[in-house]
Amino acid sequence: MGSCAQGFMLGCCLLLAITWGPILSLVPRVQEEQQEWEETEELPSPLDHVTRPEETREKYSPRQGEDLPTSRCYRCCDPSTPVYQTIPPPQINITILKGEKGDRGDRGLQGKYGKIGSTGPRGHVGPKGQKGSIGAPGNHCKSQYAAFSVGRKKALHSNDYFQPVVFDTEFVNLYKHFNMFTGKFYCYVPGIYFFSLNVHTWNQKETYLHIMKNEEEVVILYAQVSDRSIMQSQSLMMELREEDEVWVRLFKGERENAIFSDEFDTYITFSGYLVKPASEP
């Protein structure tokens with residue numbers, strides 16, 4: 001029984017030695033590596049040695065606005081030595097990679113209008129155009145014509161006041177510019193007019209009339225007292241503006257004057273017409 005127990009204990013010891021032997025052999029090795037690392041840290045750094053002349057030189061630094069050099073040489077012992085040397089980026093020839101021209105795209109949206117520019121110089125005179133068609137007839141009120149001719153078949157004697165000579169016979173009255181009720185011609189077409197007045201005098205009486213422009217005496221028709229009656233006339237040209245009035249006035253009764261006529265013949269006439277419209281050059 002005692003020998004069996006001893007054999008069992010011996011087998012357990014061998015099994016432990018085989019299992020833990022390699023693991024226990026690594027412990028001294030780890031301790032040695034740790035001791036070597038501590039000794040390495042205690043060594044003085046190169047900066048603690050005597051400063052070399054090369055280290056006292058001013059380090060290169062680019063000025064403001066100056067590009068860094070593409071390549072530079074460094075010392076392996078320089079603390080600021082980069083890990084790798086600066087290499088310029090490769091240049092790619094884009095023309096080699098250019099593909100075929102694509103299809104035209106859709107039209108974009110219209111942009112905002114810009115500011116109005118200054119007026120440009122006057123262009124050259126263009127060629128003369130073709131003759132246009134005939135226009136529509138104009139308004140009769142704007143026609144460049146005016147004419148009248150009227151007469152009186154009744155005699156007229158002077159009175160205590162000035163009298164307008166009213167006519168009772170209408171020969172020509174273009175566009176009705178002459179008013180038969182008032183005995184006045186109204187100017188609707190400005191321009192140069194010609195007027196003529198013809199009367200028959202009365203025996204033993206004076207003839208005294210004026211051709212009036214508005215309220216202004218322009219010319220006189222006069223015949224002295226005579227034993228015989230005669231035909232007397234007066235004519236003139238006047239420049240009229242629109243709405244001017246032309247008429248004949250018998251002088252008042254300070255003198256006995258009259259004009260003769262009868263129902264069978266027309267002895268008194270008053271005529272006028274437009275010679276040149278003011279709108280014509």
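The first residue in the sequence is number 1, and the count goes up from there. The analysis underlying the following values was restricted to heavy atoms, covering all of them including side chains, and did not include hydrogens, waters or symmetry mates.
Two residues are said to be in side-chain contact when any heavy atoms from C-beta on lie closer than 4.5 Å; Leu209 and Arg249 fail this criterion. Inter-residue side-chain proximity for Phe195 and Val246 is flagged as met; some heavy-atom pair is nearer than 4.5 Å. Side-chain contact check for Val165 versus Leu156: some heavy-atom pair is nearer than 4.5 Å. Residues Glu170 and Lys176 are in side-chain contact: their nearest non-hydrogen atoms beyond the backbone lie under 4.5 Å apart. Side-chain contact between Val248 and His210 is absent, with no heavy atoms from C-beta onward closer than 4.5 Å. By the 4.5 Å heavy-atom criterion applied to side chains, Asn214 and Asp244 are counted as neighbours. You'll find the side chain of Gln232 reaches within 4.5 Å of the side chain of Leu221, heavy atoms only. You'll find the side chain of Trp202 stays beyond 4.5 Å of the side chain of Ile259, heavy atoms only.
Within a 6.0 Å radius of CD in Glu239, no more than 12 heavy atoms belonging to other residues, nucleotides or ligands are found.
When Phe185, Tyr273, Tyr188 are each tested for a ring-ring contact (aromatic ring centres under 6.0 Å, His included) with Tyr193, only one passes: Phe185. None of Ser233, Ser235, Ser149 except one satisfies the side chain to side chain contact (heavy atoms under 4.5 Å, CB included) rule with Ser196; the exception is Ser235.
Checking side-chain atoms of Lys213 against main-chain N and O of Glu217 turns up no donor-acceptor pair under 3.5 Å. Within the 3.5 Å criterion, the main-chain N or O of Ile220 finds a donor-acceptor partner in the side chain of Gln234. The backbone N or O of Phe181 lies less than 3.5 Å from a partner atom in the side chain of Asn179, making a donor-acceptor pair.
Between Gln144 and Ser279, the side chains place a donor N or O and an acceptor N or O closer than 3.5 Å (distance only, hydrogens not considered). Side chains of Ser261 and Lys153: no donor on one and acceptor on the other come within 3.5 Å.
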Check the pair His157, Lys205 against side chain to side chain contact (heavy atoms under 4.5 Å, CB included), reporting the backbone distance first and the verdict last. CA-CA 10 Å; His157 294 266; Lys205 292 184 179 181; 2.7 Å; yes

Checking Met212 against Val218 for the side chain to side chain contact (heavy atoms under 4.5 Å, CB included) test, could you report, in this order, the C-alpha distance in whole Å, the side-chain angles of both residues, the deciding distance, and whether it holds? CA-CA 6 Å; Met212 307 289 294; Val218 182; 5.9 Å; no

ring-ring contact (aromatic ring centres under 6.0 Å, His included) between His177 and Tyr186, intermediate numbers included: CA-CA 6 Å; His177 290 179; Tyr186 295 91; 9.6 Å; no

List the steps, then state whether side chain to side chain contact (heavy atoms under 4.5 Å, CB included) holds for Ile211 with Leu236. CA-CA 9 Å; Ile211 296 180; Leu236 77 160; 3.8 Å; yes

Test log, rule side chain to side chain contact (heavy atoms under 4.5 Å, CB included), inputs Tyr222 and Thr207: CA-CA 5 Å; Tyr222 178 76; Thr207 302; over 6 Å; no

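Taking the centre of each ring, Phe162 and Phe251 come in below the 6.0 Å mark. Annotation: Phe148 is in aromatic contact with Phe270 [ring centroid separation under 6.0 Å].
Follow the hydrophobic side-chain contacts under 4.5 Å out from Leu250 and you reach Val219 in the same cluster.
For the atom pair CG (Asn257) and NZ (Lys252), the distance works out to 12.0 Å, reported to the nearest 0.5 Å. In this structure, Asn198 CG and Arg152 CZ are separated by 15.5 Å, a value rounded to the nearest 0.5 Å. The CD atom of Glu256 sits 6.5 Å away from atom OG of Ser158, with the distance rounded to the nearest 0.5 Å.
Of all heavy-atom pairs spanning Ser229 and Asn203, the tightest one is N-OD1, 2.7 Å. Minimum interatomic distance between Val150 and Met180 (heavy atoms only, all atoms of both residues): CG1-SD, 3.6 Å.
Using cut-offs of 30° and 60° on the angle between ring planes, the pair Phe260 and His200 is tilted.
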